[in-house]
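Everything below concerns the one structure shown next.
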Amino acid sequence: MIAAVRDAHKRLGRVQALRGVSLEVHEGELLALLGPNGAGKTTLVSLLVGLRAPDRGEVRLDGRDPREPAARRVLGMTPQGTGFPPALKVREVVELVRAHYPDPLPTAEVLARFGLEGLAGRSVQALSGGQARRLAVALAFAGNPRLAVLDEPTTGLDVESRRSLWREIQRFKQGGGTVLLTTHYLEEAESLATRVVVLDRGRVVAEGAPEAIKRRVGLKRVCLRAAELPEWPEVERREFEDGRYTLWTADADALVRRLVQSGVAFSDLEVLPVSLEEAFLAVLDEEEER
Ligand SMILES: Nc1ncnc2c1ncn2[C@@H]1O[C@H](COP(=O)(O)OP(=O)(O)OP(=O)(O)O)[C@@H](O)[C@H]1O
């Protein structure tokens with residue numbers, strides 16, 4: 001285990017941002033922290049990286065208090081916000097971060113991997129939003145750390161930049177690195193994460209592999225083309241768009257049998273799992289009802 005939080009509580013001003021959160025980050029995993037705005041993700045990350053201390057509970061990074069500089073040597077992170085030292089060029093910012101680590105990646109490699117070669121001599125103030133974001137993520141990897149902590153790494157990036165960043169994140173993980181990331185893109189968590197933790201109002205409300213969280217919701221999607229379908233008891237929810245029905249059901253087998261027995265003409269039948277996004281919304285709905 002490379003990092004752990006046990007029963008952490010944190011109050012920020014009048015807000016109880018964390019209410020007893022426990023979390024372990026295991027070596028080699030890619031853990032995605034999900035949750036709606038204000039759930040406490042950034043606060044939790046700030047405890048793990050030693051920027052804040054919990055009011056109650058314990059935080060460990062590589063077995064030590066993350067507020068000790070020596071503990072943070074295992075850690076690479078995206079800077080909070082995009083506040084780079086203003087007078088520096090891109091290459092200089094990369095070199096500044098590398099200088100803090102015993103075995104960093106070569107500067108040229110950092111620049112190349114994150115599509116920054118053409119920008120090496122550019123002042124950080126003259127970067128576009130997307131370029132600054134790529135630099136921020138590159139800095140998390142520049143020191144060749146054991147744990148990379150990425151707070152919303154791909155927010156504001158175009159599709160191509162997002163995909164190329166995903167490739168770099170995966171490459172780091174394949175090389176044995178551990179990643180903790182927060183994201184609002186469920187698709188990102190679904191394609192990258194080995195494990196997902198969902199926070200809501202300062203608590204962990206769901207945890208597991210993306211597949212397990214989807215199973216917990218217990219529904220499947222049955223999709224088909226048909227002119228009109230009767231109401232069936234197995235169907236929890238239905239949508240009709242462009243001649244195609246999507247039916248959400250807890251028992252896809254029973255629904256398909258019903259469909260065939262009904263004699264309704266249909267085509268293009270597919271049975272699909274729910275997406276992580278649908279599962280995420282269902283988990284938050286359950287919490288809301290509690
Ligand atoms: N410095 C602060 N002072 C007072 N309240 C704060 C402070 N920082 C955060 N909060 C509050 O603490 C709660 C948790 O915030 P946090 O930034 O951890 O959430 P988040 O899950 O990262 O949200 P988002 O998805 O919007 O980034 C929110 O209600 C937020 O308004």
Item to check | Ring-face cation of R167 near F172 (centre distance under 6.0 Å, axis angle within 45°) | outcome: no
Item to check | Neighbour count above 12 (heavy atom, 6.0 Å) for R73 CZ | outcome: no
Next on the checklist: Can a donor-acceptor pair be found, under 3.5 Å and without considering hydrogens, that links the side chain of Q16 to the backbone of L18?
Outcome noted: yes
Next on the checklist: Taking the ring centre of each residue, are F114 and F141 less than 6.0 Å apart?
Outcome noted: yes
Checklist entry - Hey, does the side chain of K41 reach the backbone of P36 with a donor-acceptor pair shorter than 3.5 angstrom? => result yes
Item to check | Matching residue for M77 among L51, L139, V137 - test: side-chain contact (heavy atoms from CB on, under 4.5 Å) | outcome: L51
Next on the checklist: Could you check whether R221 makes a cation-pi contact with W248, meaning its NZ or CZ is under 6.0 Å from the centre of the six-membered ring and within 45° of the ring axis?
Outcome noted: no
Checklist entry - How close do E277 and L186 get, heavy atom to heavy atom, and via which atoms? => result CA-CG, 3.7 Å
Checklist entry - After noting the C-alpha distance and the side-chain angles of D151 and T78, does the key distance pass the side chain to side chain donor-acceptor pair (under 3.5 Å) rule? => result CA-CA 7 Å; D151 200 1; T78 49; over 6 Å; no
Next on the checklist: Does T249 form a side chain to side chain donor-acceptor pair (under 3.5 Å) with E236? I'd like the steps, not just the answer.
Outcome noted: CA-CA 5 Å; T249 179; E236 309 254 340; over 6 Å; no
Checklist entry - Going by atom types alone, do R98 and T107 pair a side-chain donor with an acceptor below 3.5 Å? => result yes
Next on the checklist: Given 3.5 Å as the limit, does a donor-acceptor pair link the side chain of Y245 with the main chain of L229, or not?
Outcome noted: yes
Checklist entry - Got a donor-acceptor contact below 3.5 angstrom from the R19 side chain to the R201 backbone? => result yes
Checklist entry - Is any side-chain heavy atom of E231 less than 4.5 Å from a side-chain heavy atom of R238? => result yes
